[in-house]
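Okay, so here's the structure we're looking at.
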Amino acid sequence: QVQLVESGGGLVQAGGSLRLSCAASGRTFSSYVMGWFRQAPGKERDVVASISWNGGRIYYADSVKGRFTISRDNAKNTVYLQMNRLKPEDTAVYYCAASQRAGLFTSDTAYDYWGQGTQVTVSS
């Protein structure tokens with residue numbers, strides 16, 4: 001069992017930056033693939049980025065490539081999402097998720113545990 005708690009969301013102007021954190025409970029954090037998803041009002045929840053257990057493999061959605069960076073610190077049981085050059089279309093609730101499966105999955109059905117979400121709002 002893993003519990004995930006996101007933090008770091010907020011209101012920022014376009015072009016600004018935010019850093020999201022996701023703190024995980026449990027001793028087996030390092031064995032999980034971790035992902036960040038987001039859901040805008042009226043839209044489906046989509047993957048933003050995912051990272052393998054040791055950070056050796058990373059996936060980014062095309063919409064965030066070159067602007068967002070996912071990382072993890074297994075000693076701190078934490079995964080991060082650094083978001084730079086934010087755009088109004090990045091506005092969404094951002095969720096952290098953990099998967100027990102091997103591989104960098106883009107579907108939310110592959111993830112077993114979810115945080116409560118943190119709101120990110122980018123003003124134009």
Side-chain angles (χ1 to χ4, degrees):
Q1 190 77 14
V2 176
Q3 292 185 326
L4 305 172
V5 179
E6 303 98 334
S7 61
L11 173 64
V12 65
Q13 289 188 333
S17 298
L18 283 173
R19 188 194 197 199
L20 304 183
S21 299
C22 172
S25 65
R27 302 177 185 177
T28 59
F29 172 78
S30 61
S31 67
Y32 288 92
V33 168
M34 299 299 297
W36 284 99
F37 288 74
R38 67 186 181 187
Q39 186 168 23
K43 295 189 177 182
E44 294 184 350
R45 186 164 58 186
D46 292 324
V47 67
V48 174
S50 58
I51 186 168
S52 62
W53 69 275
N54 64 351
R57 291 182 296 153
I58 289 175
Y59 167 86
Y60 293 105
D62 287 343
S63 58
V64 306
K65 279 181 182 176
R67 300 188 299 124
F68 290 12
T69 302
I70 188 172
S71 61
R72 66 189 297 163
D73 185 339
N74 288 339
K76 296 182 178 179
N77 281 12
T78 302
V79 62
Y80 305 97
L81 185 68
Q82 177 67 44
M83 305 186 295
N84 298 328
R85 304 200 312 273
L86 282 160
K87 304 175 181 180
E89 51 263 43
D90 294 318
T91 295
V93 177
Y94 283 71
Y95 297 90
C96 170
S99 174
Q100 302 178 88
R101 299 163 180 78
L104 297 182
F105 299 102
T106 58
S107 171
D108 58 3
T109 59
Y111 290 79
D112 305 290
Y113 304 102
W114 292 85
Q116 82 288 351
T118 185
Q119 177 70 46
V120 171
T121 302
V122 184
S123 63
S124 57

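In this chain, numbering begins with 1 at the start of the sequence shown.
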Nearest non-hydrogen partners of [X] and [Y], listed with the distance:
X      : Y      : answer
Gly16  : Val12  : CA-CG2, 3.9 Å
Ser124 : Ala14  : CA-CB, 4.4 Å
Phe37  : Thr106 : CE2-O, 3.6 Å

Note, [X] side chain near [Y] side chain (heavy atom, < 4.5 Å):
X      : Y      : result
Phe29  : Val2   : no
Ile51  : Trp36  : no
Gln119 : Thr91  : yes
Tyr111 : Ser99  : yes
Tyr95  : Asp108 : no

In Å and rounded to the nearest 0.5 Å, what is the [atom1] to [atom2] distance from [X] to [Y]?
X      : Y      : atom1 : atom2 : value
Gln13  : Ser123 : CD    : OG    : 5.0 Å
Trp114 : Cys22  : CH2   : SG    : 10.5 Å
Ser52  : Arg72  : OG    : CZ    : 7.0 Å
Thr78  : Leu4   : OG1   : CG    : 10.5 Å
Ser30  : Trp53  : OG    : CH2   : 7.0 Å
Arg19  : Thr69  : CZ    : OG1   : 10.5 Å

*If you measure from the Lys or Arg side-chain nitrogens to the Asp or Glu carboxylate oxygens, is any gap between Lys65 and Asp62 under 4.0 Å?*
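Here Lys65 pairs with Asp62 in a salt bridge, since their nearest N and O are under 4.0 Å apart.
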Verify the cluster assignment for [X] and [Y]: are they in a single hydrophobic cluster under the rule of side-chain heavy atoms below 4.5 Å apart?
X     : Y     : value
Tyr60 : Leu86 : yes
Met34 : Tyr80 : no
Ile58 : Val48 : yes

Non-neighbouring partners of [X] that pass side-chain contact (heavy atoms from CB on, under 4.5 Å), sequence neighbours left out:
X      : answer
Val120 : Leu18, Leu20, Met83, Tyr94, Val122
Ser7   : Ser21
Gln100 : Tyr32, Asp112, Tyr113

*asked:* By the definition side-chain contact (heavy atoms from CB on, under 4.5 Å), identify the one residue from Arg38, Lys87, Arg85 that meets it with Val64.
replied: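 In the set Arg38, Lys87, Arg85, the residue that makes a side-chain contact (heavy atoms from CB on, under 4.5 Å) with Val64 is Arg38.
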*Examine distances only and state if a side-chain atom of Glu6 and a backbone atom of Gly117 form a donor-acceptor pair shorter than 3.5 Å.*
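Answer holds: yes.
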*Short question: side chain of Arg57, backbone of Leu104 - any donor-acceptor pair under 3.5 Å?*
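Not a single qualifying donor-acceptor pair exists.
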*Crowding at CD, Gln3 (>12 non-hydrogen neighbours, <6.0 Å)*: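 It does not: Gln3 CD has 12 such atoms or fewer within range.
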*Give a yes-or-no answer on whether the side chains of Asp73 and Ser71 include a donor-acceptor pair shorter than 3.5 Å.*
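Not at all, the side chains of Asp73 and Ser71 share no donor-acceptor pair under 3.5 Å.
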